[in-house]
2 protein chains.
Amino acid sequence: MQSMIRRKYNLTYAKLSAIGFFAIIFIGAVLLSLPISSKSGEVTPFINALFTATSATGVTGLVVYDTYSYFSVFGQSVILVLIKIGGLGFMIIATMFLLILKKKIGIRERNFLKESVNTIHIGGVVRLAKHILVGTLLLEGIGAIILAIKFSSEMGVKEGIFNGIFHSVSAFNNAGFDLMGRYEEYSSLIRYSDDALVNITIMTLIVIGGIGFLVWEDIYKNKAKFKKYHLHSKIVLLATMVLIFSAAIGFYVLERNNLFADMGIKETILASLFQAITPRTAGFNTIDTAELSEGSKLLTMILMFIGGSSGSTAGGIKTTTFIITILSVVSLVRHSNDLNIFGRRLEDSILKRAYSIITIYITSAFIGMLFISFIQPELALSNTAFEVLSAMGTVGLSTGITRQLNALSRLMVIILMFCGRLGSLAVLMAVAESKNNISTKKPLEKIVIG
Amino acid sequence: MQSMIRRKYNLTYAKLSAIGFFAIIFIGAVLLSLPISSKSGEVTPFINALFTATSATGVTGLVVYDTYSYFSVFGQSVILVLIKIGGLGFMIIATMFLLILKKKIGIRERNFLKESVNTIHIGGVVRLAKHILVGTLLLEGIGAIILAIKFSSEMGVKEGIFNGIFHSVSAFNNAGFDLMGRYEEYSSLIRYSDDALVNITIMTLIVIGGIGFLVWEDIYKNKAKFKKYHLHSKIVLLATMVLIFSAAIGFYVLERNNLFADMGIKETILASLFQAITPRTAGFNTIDTAELSEGSKLLTMILMFIGGSSGSTAGGIKTTTFIITILSVVSLVRHSNDLNIFGRRLEDSILKRAYSIITIYITSAFIGMLFISFIQPELALSNTAFEVLSAMGTVGLSTGITRQLNALSRLMVIILMFCGRLGSLAVLMAVAESKNNISTKKPLEKIVIG
Ligand SMILES: [K+]
Ligand SMILES: [K+]
């Protein structure tokens, strides 16, 4: 009985957050379509305004217009506000949603409910939201100051401050929007590929923004005492480190004779690291995505698929899900029943959740790719796949086909960005009818797989 | 104690079948490299002979030479024998292996052990092998007669009979090798795209060969009494039907204005069905794979990834694994703990096995793609992905890049074909060290995913 009430509540909750996001996107799209939002004073076609608003609120970063060249300062400010609402709102909503999901899982294993509640006090949701708000502003502020100093020397103080704030917020929320069209349209941060200050500031903002609130709380509380961290934080930090450094080495190997051929050591190291960090959700780029070797494109797609961490603005299947798949294979090969990591055992039910997420994710990706390939057969499959994974992973990297998409394809990308932000699972739960699952157990029978 | 002995036995068993296959491939490669095997009388480079032998024994069908134009009748016969040994040997080995795996799963749930043993009597392995042998010869024989009559009218009786046998065996074992180079090199069955007799014969052989022995046994025993079938057979038949017809509709939609534009209704229906059946393991084609639209290429790749049924010569993750992933999502959305289908509940442990297979499969595919992209950056990613999935799925379709692969890439494809045939899981189990898994349970802790 209690569980049924809670389920109804979850459903309503998921629906509410979906509707809330949609409302913000819609208002943003209306504002962006007004003449005041474009530099030229023209009315922006609604589908493109919707695309931009979804991309900004969903902190994706895919663009059909160059943000600097097309939008007025008013339009750019609308985008900035949408990123801030999208990023912050999502972090708060996601954190609360995760707490509820934790509770729900706990229903079946009442023993763990207490533990789950202890992890973060559900009573203190307001305090939690405050923490996120203050922490976010603090980190964005530091980033904005560093970047503003740098940019002021290039474009004057007023422009420099606006650009500093814009890029810091965009980086921290992993939005990937940039205003570098002033130098070259759609060039993102290519101009700064050799600039250690900009690179390190942006990378740091991306990584901190992408590891998620649950981890910040742990670092804030336990400082360097890694052993005291929650298992969730340990896994996220491990996965983040491993993915960044192995991907950086991978990109170095794959681009050594291609894009990195003419670079010095410093630029090569910066570019390898940046390229490893950006695909898991950020969407900035310091090298031309379209010019990447085929291997690097694949590696980027794999990283976009994996994504960032739960409770952050990142998309993808998430690092924890990724680690669980590896653990499940290890445990099977070892003929063990348990998923063990850092001396702890994960609950069995997490495996089904992890793999369901992956299944829904892959299925959605294939539907998106098939749809766009059907609508626009002229687009190369690898570019379409890249675009779809970028949209779903709220990454925002593109091989450049975003502007070639027609209205129907743009609509599909809008839907993918929306679903990618809310999480495919949450969308499915919001849409799914509440079913009565109090049924008798069916007789068990074995089948053969593999 | 008993379980440890059995595990040791499994390991040895998996290793033995891997070594056995390797030995057959090696002997085949030596024979194919001899001057007598080539039409021109030249010595074939060993890497290419190894490629051909692996492709034949593994019933994959990828070729670096046109089988008809390059190989002598002796060479063609070696290929035919390798297909026959590979297909038959694998069916017997796979069936026995599956029985053992069933037993192994049963170790943990002793209750089900009896049921598992009842499914097929392990004592009667010899009788089982005989069944497979006789059934295989009978079906291949019928196919050979039909095709021989057809081909005799085109190429004379002697050639017609050889071609009838070759193509029937190749189709039934899902090998995908053909001798149509006599008309045009690498043309497969494109010539017969409008020929109902050839299409239906080949398609029937492919489908029957691809559903696996466990299902044949059920159909043979229970005839039309579908309700009496084992759950495994029901799932395989359901998945096969659904995949064939939905894929046929998909290809029709995607190729309507492309390859099917100039075709009549009959040819369109035949080509849609053939294109839907062939990627899940067969590897013949009646339309030019390289000319497929991008959407059709993606759909083909998805089907190659899913593959055929356990206990058949098919590759891929297998239809049962595919169905289990869908069931797990359904059960999660319904907030149910159980995987129910056809009024039965699947054991929980099957979920981990299913998803581990998928994880290993996807990981291997990505490694293969990254490797080839690194070695040959000039190859388009979509073609590389197609080739890798074709090799792992023992499908044999290609967009035509097989012959562009250099020695290192060919070696990678050989490894992928070999692993695809034995099953990534089996390979892993064969390689894995036997670990002592009698360890204390770790304390449980929750993490957040998704
Ligand atoms: K982004
Ligand atoms: K094949």
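Sequence lines set the chain letters: A, B, ... in the order given, protein chains first and strands last, and positions in each chain run from 1.
- Ranked by non-hydrogen atom pairs under 4.5 Å with chain B, the options A:S296, A:A380, A:S233, A:G307 are led by A:A380.
- For B:A385, no part lies under 4.5 angstrom from a heavy atom of chain A.
- Using a 4.5 Å cut-off between heavy atoms, B:I302 touches chain A through its side chain atoms alone.
- Counting heavy-atom neighbours within 6.0 Å of B:F366 CZ, excluding the residue itself, gives a total above 12.
- For a residue to count as touching a neighbouring chain, one of its non-hydrogen atoms must lie under 4.5 Å from one of that chain's; by this rule B:V253 touches chain A with backbone and side chain alike.
- Side-chain atoms of B:E255 and B:L292, non-hydrogen and from C-beta on, do get closer than 4.5 Å to each other.
- Contact count against chain B (heavy-atom pairs under 4.5 Å) is highest for A:G295 among A:S293, A:S382, A:G295.
- Among A:I372, A:V236, A:T325, A:T319, the residue with the largest count of heavy-atom pairs under 4.5 Å with chain B is A:T325.
- Neither side chain, B:Y361 nor B:T321, offers a donor N or O lying under 3.5 Å from an acceptor on the other.
- Looking at B:I362, the atoms closer than 4.5 Å to chain A (heavy atoms on both sides) all sit in the side chain, from C-beta outward.
- Put simply, the side chain of B:L298 reaches to within 4.5 Å of the side chain of A:L370, judged on heavy atoms.
- Judged by distance alone, the side chains of A:S373 and B:E294 never bring a donor and an acceptor atom under 3.5 Å apart.
- Taking the centre of each ring, B:F322 and B:F305 stay at or above the 6.0 Å mark.
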